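Letters A, B, ... are given to chains in the order of the sequence lines, protein chains preceding strands, and every chain is numbered from 1. Just so it is clear, the model here is predicted, and its values are computed rather than measured.
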Amino acid sequence: MPDRSPPASGRLSIVVVEKDRDRAIQIVDALSAGNDYDIAVIGSETGLARQIAQRAPDIVLIDIDNPSRDTLEELTLASGPLERPVAMFVSGAAGGLAKQAIEAGVSAYVVDGLQPERLKPVLDAAIARFQMFRRMRTELAETRKALEERKVIDRAKGMLMKARGLGEEEAYALLRKAAMDQGKKVVEVAEALVTAARLLG
Amino acid sequence: MKTVTLSAAYIPLVDAAPLIVAQEMGFAEAEGLSLDLVKAPSWSSVRDMLAFGRVDAAHLLSPVPVAMALGLGGVTTRLAAVSVLSVNGDVIGVSNALADRLSAAGFSFDFADAKAAGEALCRVVDKPLRIGVPFPFSMHVELLTYWLGALGMPPDRMSVRTIPPPLMAQALADGEVDAFCVGEPWGSIAVEQGVGTLLLPGSAIWAFSPEKVLAVREDWAETEPHLTDRLVRALWQASHWLSRPDSLITTAEILSRRAYLDVPTEIIDRALEGRLVISARGDQRQVPHFLEFHAGLATFPWRSQAAWIADRMAARAGLNRGLAVQAGRAVFRSDLYRRALKPLGAEMPAASEKLEGAIREPMTQAAVEGAVQLLPDLFFDGRIFDPSAS
């Protein structure tokens, strides 16, 4: 096999490892905006290192939380499936960028010898996209949490209304007062009440 | 003493117990520490979090910091292994198809004799054996290549593949691999799911292998000597507590929690008690020293253990073995371990290196003060590794 040096000027080839189709499309869109890259998406993680080795890309992008990332570590071995070992680009000069990438939740594996100026626009686009994913995930988690808290408070309110013959507003006021007296959150008091009621049958 | 919060990354495995117990049972607190434990999705993620300063310490595969010192793998930040967290604890398992062929060939699944098991395996395998491991730099890889290599299996007859442990049972079921080597609870989970049979404990190949280490960045250990000492002491106290038989139930209960392993206590008990269910039929095997956290100076980071790992890795990667052994030795910081534990009066060996594979029976060795108890550390083929010979 010929030595596969990273192209000095030719199209960069990028592999994106992403199971979720919508996310994959968004990443590809973000990367291709204004750039001419050869981008492939791998959605199935079976034999991941070999799938990547077959494509011999210049750059591999993968979610930092994907457990299959460990499979890619095989690519860093000289004796591994790739002709030219890849490194996580971090070790090189692009140190600041690496930290940003890790914080954004994307890890990049880059073929040995790729010039940093060719890598930077790819990473910048990936980082921006992954930051957005992360924000969305956080917002979703917060919305879910708020919804669950509402449910618990509603149940506690309902129990108080029934047990003490209170109106809805009075029941809530009672919960809030108990919370203030104990230096707790309303939801914590509500949770305690619901749990206690369950234990008492 | 003002409480300092340190963050520590770990992979949800039974051998993460010392870190989890240090925090949950108050050993960290007694040293003025609060551990912010970060559950990681992969070993590369643990390593990166540590290397790039997202966490201060990590539960790490013992060969990872050695590989980094040798310039192998994606990241080469210098790490220090300041203590061993666990000795042994891996299991090797085979697919049901392979188990059937072994049984048909008269193999008895004694879960003890690595030579017999390896020879039986070599006899029944007619194409390259595909074996799943969690990470390319791991005791799993070292044990497998040592074992099958010593039995004369040529490197091209085995293909070692990285598979995240949570996906290992599936990979076995899908026929993607024929065998695996993983840490608990994942071997037992493959058995529970009815997709595999356990063949050997890792300890049948090397009776006393350093499995996980407590790793910090070398520069962090230098700039934060007091925090390093406190962390090593907290972990030592945790391992001491873990070694008491009456801690078993509590340990299994803590580890099984959703925030940690999220696996039933019954599965975790198997590794802690060294009583493994090896097949879906429920056959049980008792393994002495299946997983040690403390006994036999388990936490001592022997320079010779790191030298063995470095020597093996260098041989496979085609590096200069003498230089690799020197670089490897420097990673297991028995000097920092000794300094940290001095105030506790913990037992310390007189030397920081030993011949690996030379202890046949539990033995008493001269120590800094008095004597220390060491456990057998034989390799299955009886070879002895002399760290000063490379």
Side-chain angles (χ1 to χ4, degrees), chain A residues 17 19 44-53 59-82 84-112 114 127 130 134 137, chain B residues 11-12 38-55 61 63-64 67-68 70-78 130 132-138 140-141 145 155-156 159-168 170-171 174-177 186 313 315-319:
Chain A
V17 181
K19 263 196 285 206
S44 138
E45 283 154 13
T46 307
L48 186 57
R50 270 150 201 87
Q51 287 195 63
I52 291 172
I59 302 173
V60 182
L61 297 174
I62 183 169
D63 189 322
I64 222 159
D65 289 335
N66 186 333
S68 290
R69 233 193 100 197
D70 280 349
T71 317
L72 267 57
E73 204 63 28
E74 283 181 16
L75 302 175
T76 64
L77 288 166
S79 56
L82 266 193
R84 296 175 56 85
V86 297
M88 209 170 121
F89 73 97
V90 224
S91 346
L97 203 55
K99 214 164 172 199
Q100 276 180 45
I102 287 178
E103 277 159 15
V106 58
S107 43
Y109 289 77
V110 177
V111 76
D112 205 12
L114 186 74
I127 287 170
F130 274 83
R134 185 152 281 196
R137 208 154 35 191
Chain B
I11 293 281
V38 182
K39 179 148 89 173
S42 66
W43 286 113
S44 20
S45 157
V46 170
R47 176 202 58 197
D48 296 349
M49 280 197 266
L50 183 60
F52 301 114
R54 161 74 183 77
V55 295
L61 296 156
V64 169
M68 290 165 83
L70 266 46
L72 297 171
V75 181
T76 51
T77 309
R78 290 200 61 85
R130 299 161 306 163
V133 295
F135 203 60
F137 310 106
S138 58
H140 314 75
V141 171
T145 52
D156 64 348
S159 153
V160 177
R161 303 182 176 185
T162 308
I163 294 176
L167 308 180
M168 199 68 88
Q170 194 57 46
D174 293 346
E176 203 188 313
V177 290
W186 296 107
M313 278 183 175
R316 280 200 311 281
L319 304 176

Chemist: Between B:S159 and chain A, with a heavy-atom cut-off of 4.5 Å, which part of the residue counts as in contact: side chain, backbone, both or neither?
Modeler: side chain

Chemist: Under 4.5 Å between any side-chain heavy atoms of B:V64 and A:E73, yes or no?
Modeler: no

Chemist: Can you name the nearest heavy-atom pair linking A:I64 to B:P41, along with the distance?
Modeler: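 What the structure gives for the nearest pair is O-CG, 3.9 Å.
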
Chemist: Closer than 3.5 angstrom, by distance alone: can the side chain of A:E74 be matched with the main-chain N or O of B:T162 as a donor-acceptor pair?
Modeler: yes

Chemist: B:P134 versus chain A, heavy atoms under 4.5 Å apart: side chain, backbone, both or neither?
Modeler: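 Contact with chain A is through the backbone of B:P134 alone.
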
Chemist: Atom CD in B:Q170, atom CD in A:E45: separation rounded to 0.5 Å?
Modeler: 12.5 Å

Chemist: Return the minimal non-hydrogen interatomic distance between A:D70 and B:W43, and the atom names on each side.
Modeler: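 Scanning both residues, the minimum pair turns out to be OD2-N, 2.8 Å.
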
Chemist: Using the side chain to side chain contact (heavy atoms under 4.5 Å, CB included) rule, pick out the option among B:P164, B:P136, B:S44, B:S42 that qualifies with A:T71.
Modeler: B:P164

Chemist: Taking NZ in B:K39 as the centre, count heavy atoms belonging to other residues, nucleotides or ligands within less than 6.0 Å. Is the count above 12?
Modeler: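 Yes, enclosed.
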
Chemist: Work out which heavy atom in A:G47 is nearest to a heavy atom in B:E176; give both atom names and the distance.
Modeler: N-OE2, 3.6 Å

Chemist: Given a strict heavy-atom distance threshold of 4.5 Å, which part of B:V133 is in contact with chain A: side chain, backbone, both, or neither?
Modeler: neither

